[in-house]
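Taking it in order: structure first as structure tokens, then the write-up.
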Amino acid sequence: MIDLLALVMLLAGCFFVFAGTVGMLRLPDVYCRLHALTKADNLGLLLICLSLALLAGRLRITLLLLLIWLLALLASTVSAHLIARHSRARRPPTGEPQ
Amino acid sequence: MNAQIVVDIALGLILVGLAAQVALGRHLFRSIVFYVAFGLAMAVIWARLGAADLALADAAIGAGLTGALMMVAFRRLVGIDPEQAQAQMTRHSHVAVAVAALTAGLVATVGLAALTMARAPESAGMQVLARLEETGLGNPVTGVLLVFRGFDTLIEMAVLLTAFVGSRVMTQRSRLNVTTISGFELPLVRTLVAVILPLAVLIAMHLLWIGADQPGGAFQAGAVLAGSGVLLLLTGTLLPAPRSNAMARLALVAGVAALSLLVLVPLSQGRPPLAFLGKGSLLFAEAAMMVSVAVSLTLLFAGAPALKAGRQ
Amino acid sequence: MNPAVLLVGLVFIPLVAALVAVILPVRFRRPVALLGALAWPLLLVPLSIAVARDQTLTLVFGGWTPPLGIGWRLDALGLVLLWVHALAGIAALPGAWHRFGPKVVAAAPFWPLWLILSTGVNAALLAADLFNLYVSLELTTLAAVALIATDDGIAALTAAMRYLLLGVLGSLMYVLGVGLVYAQTGSLAMDQADAAAIRDVALVLMLTGLMVKAAIFPLHVWLPHAYGNAPGPVAAIMSAVVGKVALVALWRIWFQTAADPPDLLADLLGLVGAVAIVYGALAAYMQPRLKMVIAWSSISQFGFLMLLLPLASQTAFQGAGFHLLAHGLAKAAMFLAAANIVTVLGSDSIRHLPGLDKRMPLEAFTLALGGVTLIGLPPSGGFTGKWMLLTAAWEQQGWFWLVLIALSGLMSAAYVFRILALTCFHPARRAVHELHARPPKITSLAALLLALLAVIIGLYPHPALELLGRGLPGGAS
Amino acid sequence: MSGEVVFVLAAAAIFGLGVHGLLTAGHIMRKLLALNLMLSAVFLLLIVVPARIDGLPDPVPQALVLTGIVIAVSTTAFALALMVRLFRRQGHAAIHPDVDPRMLGHVTGRTSAGPQEEHDRGSGSR
């Protein structure tokens with residue numbers, strides 16, 4: 001039962017990461033790409049971490065996975081912020097595809 | 001077994017695909033970014049092969065720091081001449097394609113032949129595993145690096161020192177380049193630094209401590225610290241300093257000096273050079289090596305002989 | 001005390017001196033480096049006695065016998081090159097001392113790098129382990145490249161970059177070969193690593209890698225620019241030992257790791273050497289700059305040393321080893337003299353040479369003496385080396401090699417006499433314009449002594465020949 | 001077909017790509033990238049080809065590769081510093097002074113010293 005749940009979450013996580021990647025490659029401008037990359041990827045990573053935690057079933061591993069997710073979250077937040085800021089300074093958002 | 005081979009093929013294809021982007025990509029900056037991705041994929045493959053020490057080292061050094069060094073060098077080129085941002089400078093040549101294909105074919109033939117050849121029944125690696133107990137270490141790679149083939153490691157640390165001293169020949173003639181990125185004053189970035197930095201130090205200490213028995217060790221720990229140093233330089237918390245100081249110079253030579261002690265101290269006791277002095281001495285040498293790796297790589301990134309505190 | 005322990009000093013005296021030099025402020029670096037560079041050659045006296053008695057000295061790190069650990073081995077060949085290194089290094093010191101004073105920008109890194117270069121060269125000469133040889137050669141290459149770059153001219157920086165890139169390419173091929181050897185034999189010790197099936201491929205890979213580092217034609221492209229544009233003392237030490245270390249490693253791997261090297265490959269490499277002799281000499285003849293002439297002559301002379309592989313006899317080894325000694329001393333002397341000429345004239349273009357024998361007689365004499373050794377005229381050391389090689393070719397009825405060796409003397413004569421004729425007998429012997437301050441006399445004398453030494457060893461060749469007569473690098477005859 | 005075969009083939013392909021990059025690159029940094037790729041391929045072969053011991057890679061090649069990685073990053077860092085200096089001095093990042101002008105793109109015609117020549121040109125003293 002737990003295995004099944006983990007599998008579903010793993011697949012869902014992979015889907016979100018994949019979607020984020022597709023978004024990064026296909027979306028028109030920096031802001032949309034950042035949106036895809038940060039949101040979808042972080043959700044995907046969370047799902048993968050959770051599923052791995054379920055499979056491992058140990059508190060230490062679970063906490064480590066949570067830490068990994070939090071660090072990735074922090075890193076992607078800051079880098080997305082910096083990229084958006086840099087991008088706005090150079091070329092303000094117009095709503096039009098660049 | 002079948003699932004394994006599918007995963008292996010996928011990993012191999014990803015690695016080759018990334019290498020192709022590095023080698024064939026049009027824009028230099030893009031190639032550098034893909035090189036970082038290549039290093040990470042390499043780390044995954046090391047993990048798959050069971051070489052955890054290499055996975056850690058390649059992720060931190062091969063991908064992370066080499067990438068950072070290349071990016072900062074690229075930025076320096078752009079700083080000198082902004083048009084470098086569009087630098088392409090590749091030529092197309094059928095000869096090159098033919099030579100490359102031929103070389104790849106040769107390497108593949110040799111590699112596959114080597115896989116199927118008869119091997120000696122006894123290898124140095126087996127001896128290492130058999131005699132690792134005498135050292136009290138649990139990680140055979142650390143055993144090879146610091147005990148059985150410690151002299152290689154000493155020369156390797158000397159190479160790192162030489163790279164730094166040699167770079168000074170070039171960098172001391174140039175003005176100091178600013179490595180700071182814009183936006184470091186943002187509260188968000190400061191939070192990041194405040195969280196990452198203690199954690200990175202903790203991780204480095206952990207890697208150093210467990211290195212004797214588990215994957216990890218001086219190089220991996222040093223690389224993590226060097227990564228933090230790069231972050232501090234990027235955020236302007238540390239700045240390149242134009243003049244060297246005694247602390248920086250001591251940190252640079254610490255690794256070679258500690259390993260030299262491991263070689264020379266047994267001599268004074270009438271034992272062969274580099275005779276095993278116990279686990280404590282190894283930890284001492286590894287700590288010194290970690291400091292040297294971290295400081296050398298950070299200073300190579302900064303292109304400066306020392307660092308000073310920046311704006312807080 | 002076991003004399004092998006002294007080997008540790010060969011590597012660790014310059015290394016520790018380098019560490020001290022890095023730690024100390026810039027103004028102390030030069031004296032520390034001088035002490036370090038003068039201290040380690042002292043060990044060569046007891047070591048020579050020990051080698052003369054015991055043939056080879058071996059040292060095993062940590063008591064972990066190979067293949068588990070790393071071993072060092074000093075044989076007659078290594079000792080000969082250590083002497084070249086020591087003598088050339090000491091002779092280069094006055095010039096380096098004069099040029100890299102504490103007020104010079106590049107002096108701060110120069111002196112530690114100078115010591116590290118010695119460390120790397122000595123470690124590579126002692127290495128009896130395939131991988132340890134790699135790390136030592138990397139150390140040597142990196143220090144050498146940085147020392148070339150201390151010149152900071154575009155030509156020197158370009159040469160340094162080219163040397164570095166080719167060096168990395170060479171070492172990665174070498175490492176691949178080493179990996180294949182380990183995979184098959186499970187050992188990295190040079191004398192244990194022999195194996196069958198994949199060996200020839202691995203051998204070719206390792207040799208190719210080392211040939212890049214030793215600048216053997218056609219992998220020589222980095223050398224002329226590197227030697228021709230490096231600061232004088234650096235060019236001297238590099239031409240004396242840095243390329244030759246890789247060549248000695250190549251010989252060792254050939255005779256030690258490949259216990260039964262394939263004849264075809266030997267002839268092929270000999271042929272490569274033959275082309276190098278001719279091509280290098282022709283190129284040397286065409287060069288417009290003195291330092292480039294001397295640098296290209298190295299390509300030619302290195303090709304000469306490759307003839308040991310097809311000849312592969314005791315006599316040939318004595319000849320090649322002796323040639324290594326004589327050539328190293330003569331080349332270093334010539335580069336030091338050329339460096340002084342550059343300092344005084346501001347250029348080493350051969351157009352400036354006429355009349356030099358009047359204004360800079362010591363330098364002109366050094367060039368002449370060095371040239372005599374390069375050609376191999378009696379009684380110079382170069383003559384002894386070439387004569388032994390000729391004898392070896394005669395004994396084996398290798399007529400092709402015989403003709404080639406004889407021819408090589410003529411070709412060296414062509415480029416050497418071109419220089420000497422220009423210097424002494426050119427009709428338009430213009431007055432030499434002294435553009436810059438003359439370097440201290442001791443720099444000229446050091447170069448001259450080195451060149452004299454290269455001749456004197458030809459008069460008293462027996463100690464070196466007797467040492468080298470003990471056997472090929474593998475121990476087999 | 002086993003995993004080893006896959007990785008040997010991948011290493012060979014990467015080596016070939018590196019050779020191609022090395023031959024076609026005009027820019028020094030591209031040459032460095034290509035050399036680093038080739039080194040990675042060599043490292044991969046060094047680990048994959050020797051026999052595995054108890055299902056893990058032989059520790060000796062692992063240590064060799066770890067040494068190789070550190071040497072590679074040292075050499076790369078040094079080469080990059082050299083490249084930046086050469087760029088400052090000559091104004092383009094190709095090795096050959098007489099390089100095909102098309103490969104230099106925008107810097108064509110700029111033959112003498114680089115755009116940011118410093119006060120201490122040449123090898124002289126301060």
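Residue numbers begin at 1 in each chain, while the letters A, B, ... track the order of the sequences.
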Heavy-atom distances under 4.5 Å only: say whether B:L300 touches chain D with side chain, backbone, both or neither.
side chain

Bottom line for D:P61: the part with an atom under 4.5 Å from chain B's heavy atoms is neither

Chain D heavy atoms under 4.5 Å from B:V16: which part of the residue, side chain, backbone, both or neither?
both

Heavy-atom donor-acceptor pair, D:R52 side chain to B:L49 backbone, under 3.5 Å
yes

Distance-minimising heavy-atom pair for D:V19 and B:A100
CG1-CA, 4.0 Å

Under 4.5 Å from any heavy atom of chain D, what part of B:A51 do you find: side chain, backbone, both or neither?
both

Do you know which of B:L112, B:L15, B:T171 has the most heavy-atom pairs under 4.5 Å to chain D?
B:L112

CG of D:L66 to CZ of B:F219, rounded to nearest 0.5 Å, is 6.0 Å

For B:R168, is it the side chain, the backbone, both, or neither that has a heavy atom closer than 4.5 Å to a heavy atom of chain D?
neither

Worked verdict on B:D8 versus D:E4 for side-chain contact (heavy atoms from CB on, under 4.5 Å):
CA-CA 9 Å; B:D8 285 352; D:E4 277 84 8; over 6 Å; no

Which residue, B:D58, B:L54, B:V141, forms the side-chain contact (heavy atoms from CB on, under 4.5 Å) with D:V65?
B:L54

Contacting region of B:Q220 [heavy-atom separation from chain D under 4.5 Å]:
side chain

Portion of D:L44 that has a non-hydrogen atom of chain B nearer than 4.5 angstrom:
both

If you measure from NE2 on D:H20 to OG on B:S93, what distance do you get to the nearest 0.5 Å?
6.5 Å

Which portion of D:S40 sits near chain B, non-hydrogen atoms under 4.5 angstrom
both

Is it the backbone or the side chain of B:S123 that comes under 4.5 Å from a heavy atom of chain D, or both, or neither?
side chain

Go through B:M170 and D:V84 one step at a time and tell me if the side-chain contact (heavy atoms from CB on, under 4.5 Å) criterion holds.
CA-CA 8 Å; B:M170 271 69 71; D:V84 173; over 6 Å; no

Separation of B:E156 CD from D:I71 CD1 (nearest 0.5 Å)
5.5 Å

Output the option from B:S167, B:A124, B:S296, B:G111 having the highest count of non-hydrogen pairs under 4.5 Å with chain D.
B:S167

Relative to chain D, which segment of B:M42 carries a heavy atom at a distance below 4.5 Å: side chain, backbone, both, or neither?
side chain

Is chain D contacted by the side chain of B:I155, its backbone, both, or neither, given a heavy-atom distance below 4.5 Å?
neither

So for D:A34, is it side chain, backbone, both, or neither that comes closer than 4.5 Å to the heavy atoms of chain B?
neither

CD1 of B:I45 to CD1 of D:I47: how many Å apart, nearest 0.5 Å?
12.5 Å

Which atoms of D:A77 approach chain B - backbone, side chain, both or neither, heavy atom under 4.5 Å:
both

Name the region of B:L297, side chain, backbone, both or neither, that has any atom closer than 4.5 Å to a heavy atom of chain D.
side chain

Under 4.5 Å, heavy atom to heavy atom, which residues of residues 17-25 of chain B contact chain D?
B:A19, B:A20, B:V22, B:A23, B:L24, B:G25

Non-hydrogen atoms of chain D under 4.5 Å away: do they reach the side chain of B:F74, the backbone, both or neither?
both

Rounded to the nearest 0.5 Å, the CE atom of D:M29 sits from the CE atom of B:M71 at a distance of 10.5 Å

B:G12, B:S31, B:G143: which one forms the most heavy-atom pairs within less than 4.5 Å of chain D?
B:S31

Taking side chain as everything from C-beta outward and backbone as N, CA, C, O, which of these in D:L45 sits under 4.5 Å from a heavy atom of chain B? Side chain, backbone, both or neither.
side chain

Pairs of heavy atoms under 4.5 Å with chain D: top-ranked of B:I32, B:L102, B:V7:
B:I32

Specify the closest pair of heavy atoms between D:I53 and B:G125, including all atoms of both residues, with the distance to one decimal.
CD1-C, 3.8 Å

